[in-house]
2 protein chains.
Amino acid sequence: MLNERQKKILLAVTQSHIDLNIPIGSLLLIKRYPLNLSSATIRNAMASLEQMGYITQPHTSAGRVPTEKGYKFYVNSLLEDHPLSISDSMSYELSLRLKSTENDSNGVIKKAAKTLSLLSHNLAIAIPPKIEDMVLKHVKFIKYDKRKALSMLISDEGIVKNTFVELDKSYTQQELDKAAHYINSNFAGKQIKDVKEILSYQLIKDQEAYDRIVTSVLYLFNDYIIMDDDILSLNSFSGTSYLPDLVDSQQVKDILRAIEDKQFMLKLLNQLSGSKGIKVVVGLESIIPAMSKMSMVAATYNDDKRSGGAIGIIGPTCMNYKKLIPIVDHTAKALTRILSEN
Amino acid sequence: MLNERQKKILLAVTQSHIDLNIPIGSLLLIKRYPLNLSSATIRNAMASLEQMGYITQPHTSAGRVPTEKGYKFYVNSLLEDHPLSISDSMSYELSLRLKSTENDSNGVIKKAAKTLSLLSHNLAIAIPPKIEDMVLKHVKFIKYDKRKALSMLISDEGIVKNTFVELDKSYTQQELDKAAHYINSNFAGKQIKDVKEILSYQLIKDQEAYDRIVTSVLYLFNDYIIMDDDILSLNSFSGTSYLPDLVDSQQVKDILRAIEDKQFMLKLLNQLSGSKGIKVVVGLESIIPAMSKMSMVAATYNDDKRSGGAIGIIGPTCMNYKKLIPIVDHTAKALTRILSEN
DNA sequence: TTTAGCACTCTCTATCGGTGAGTGCTATTA
DNA sequence: TAATAGCACTCACCGATAGAGAGTGCTAAA
């Protein structure tokens, strides 16, 4: 366990490292923070902190740099102590930028990612709500070919997803309408996961209760909403240009490659699932190998009523958490507000 | 005008520079190409080529590097002489990768960009057909709110575009259906630009000929298809990770920033418009300042019947044109084939 | 007209010492 | 006894310097 002095020094070292991005020595530290301690005392404390794994030396005769453990301690103390407030001008700029001409939810979410990257000067990510959690508003099937229909799903949040589905035989538009109507009148207002459950249950139980056509289309619909991972293609990144600042060129390449990969998104999602509000992940290399020395600050958006997505930033571990955590927090809240207004 | 020897030397210098990516001196050149000339003769020829602006020296006592003009000469001679053939294995890999599970055209186009970036190891871009040139297949309006409808447009190529439109008053779904039906029965099979023209003409001329509701919705539809630039959001990039190889980190940042900007796409589109088949643009800094020392190899896809988009790669000016031009060419052809099969 | 020879140029790389910020250890102090 | 001043030591960083190597233009000979 850390004593009061060690805590103070650890926080001071971390803050200095964030501000200056260089290893912090004992002399430099007392110059920046009037701790009323001599450099020798600081050095003793630093030696203990190093032994406990909170800080480390890049080489002998260099200052200390916080480790992942050190950063985690710093971030936790930040989240406990500070109210997540941002300046009025920032708040104003945020709502101004988000209140754009975009009128569909996908657009708003993308716009939020773009705004976040501009305000934070970091890579921003926006993850749409899981399709499972979305509330079905409307379904439509449109005949396209002899054996193909365009299936369209609108959620309560105003998110639209369309996919072409292969049909087992040729249906008329009227038949498709009938099936869609059945789905709409029975499932509108329900979460997709509930729709799934009820559908598969009913399809097994009372197959004979419905029209032959409705049954077939329901089967198709069932298949279609099961394969939901392509909703991930809706995710958006913005601000890749902010990446190359602090890391070497090979790592930038690796990160860019990772970002284009869907697996990456799934892993991030996984990391965020279940959490509410702001979440800081210090050190992403355990999730994505390319992202060593990088951290994520993310927050879920949408309230309890609606299915939540996540929005956040990815940047160097030595990012300015004090400034960025509130920005992410407020962006997520602003996004929630705008989506609920729609 | 260049004489035979100068041409030979220019092409050899350019090819060597592409292969080695270093300035090419007279001694190195005769080592690689048995031109049966002494280094002194080569030097004389190089001096003339430099005076004519085809090659340049990074500094005194360095070899020569082709200028943009030199590269243009090289690419032109390549396009004239060589048939654009690729190896069978490459051709096989290409069709294998493209023949994916994607069933909508947007997906296929995106997949093509991804494939192209993987095969070429360069940044790949895919630009969808201009909405103006697309052939209207089906329109649908779906009531969403009191004052909002989801408008949906399916083109002949299977490209779907949906937008929320604000309505001037509350319509019933039936009224919306009626308007959609009118549009479908009158305009399906026509290019959007023709639809636009006819619509605006008719709206002015015989306003009274239609139902009140149809007229209103037609007005809305007219407004909606006029603002077509957001189709650009369909564009896709792939392979940003291939960028950082040959250029400095600031340029990479600038390029990444440019890519996220819509203006960039418009400028590229402009550059490609009107061309058929393969097109090589050597030196992109006149179009996008950040892209100095970069070139584009692009080809239009879709045949004369359908509206064409473009697909291509962006890479360093010293890229391997001999290998990459055929790859782009074949990818565009394969894409055309797959889209026409749908 | 082409080529061999030559003096010269300039980048690139490795080496080397000085500088400075930092450390741990030890003896001293409050 | 815990905190501090003093001190010898370490090591990255920076600038200067020198040699190697690749290339050039010019001139005179083939």
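Residue numbers begin at 1 in each chain, while the letters A, B, ... track the order of the sequences.
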Margin query: Taking CG in Asp88(A) as the centre, count heavy atoms belonging to other residues, nucleotides or ligands within less than 6.0 Å. Is the count above 12?
Written below: no

Ring pair (Phe, Tyr, Trp, His ring centres under 6.0 Å) filter on His330(A), not counting sequence neighbours, yields none

Practice prompt. Report, as yes or no, whether the 6.0 Å neighbourhood of atom CD on Gln250(B) holds more than 12 heavy atoms from other residues, nucleotides or ligands.
Written response: yes

query: Have Glu80(A) and Asn76(A) got a donor and an acceptor in their side chains that come within less than 3.5 Å?
result: no

Parallel, tilted or perpendicular, as decided by the 30° and 60° cut-offs, for the rings of His121(A) and Tyr242(A):
tilted

At a 4.0 Å cut-off to heavy atoms of chain A, the contacted part of DNA chain C spans dG22(C) to dG24(C)

His59(B) atom NE2 is separated from dG23(D) atom C1', nearest whole Å, by 9 Å

Contact check, residues 25-41 of chain A vs DNA chain C, heavy-atom distance under 4.0 Å, returns Gly25(A), Ser26(A), Leu27(A), Leu28(A)

**Study point:** Geometric class of the Tyr54(A)/Phe73(A) ring pair [parallel <30°, tilted 30-60°, perpendicular >60°]
**Key:** perpendicular

d(Ile24(B) CD1, Ile42(B) CD1) to nearest 0.5 Å is 12.0 Å

When rounded to whole Å, the CD1 to P distance for the pair Ile22(A) and dA12(D) reads 16 Å

The residue, Ser61(B) or Ala47(A), whose nearest nucleotide of DNA chain C is more 5′ is Ser61(B)

Asn3(A) atom CG is separated from dA2(D) atom P, nearest whole Å, by 12 Å

Under 3.5 Å, is there a donor on one side chain and an acceptor on the other for Thr317(B) and Glu68(B)? no

Exercise. Would you say a side-chain N or O of Arg43(B) is under 4.0 Å from OP1 or OP2 of dC26(D)?
Worked result: no

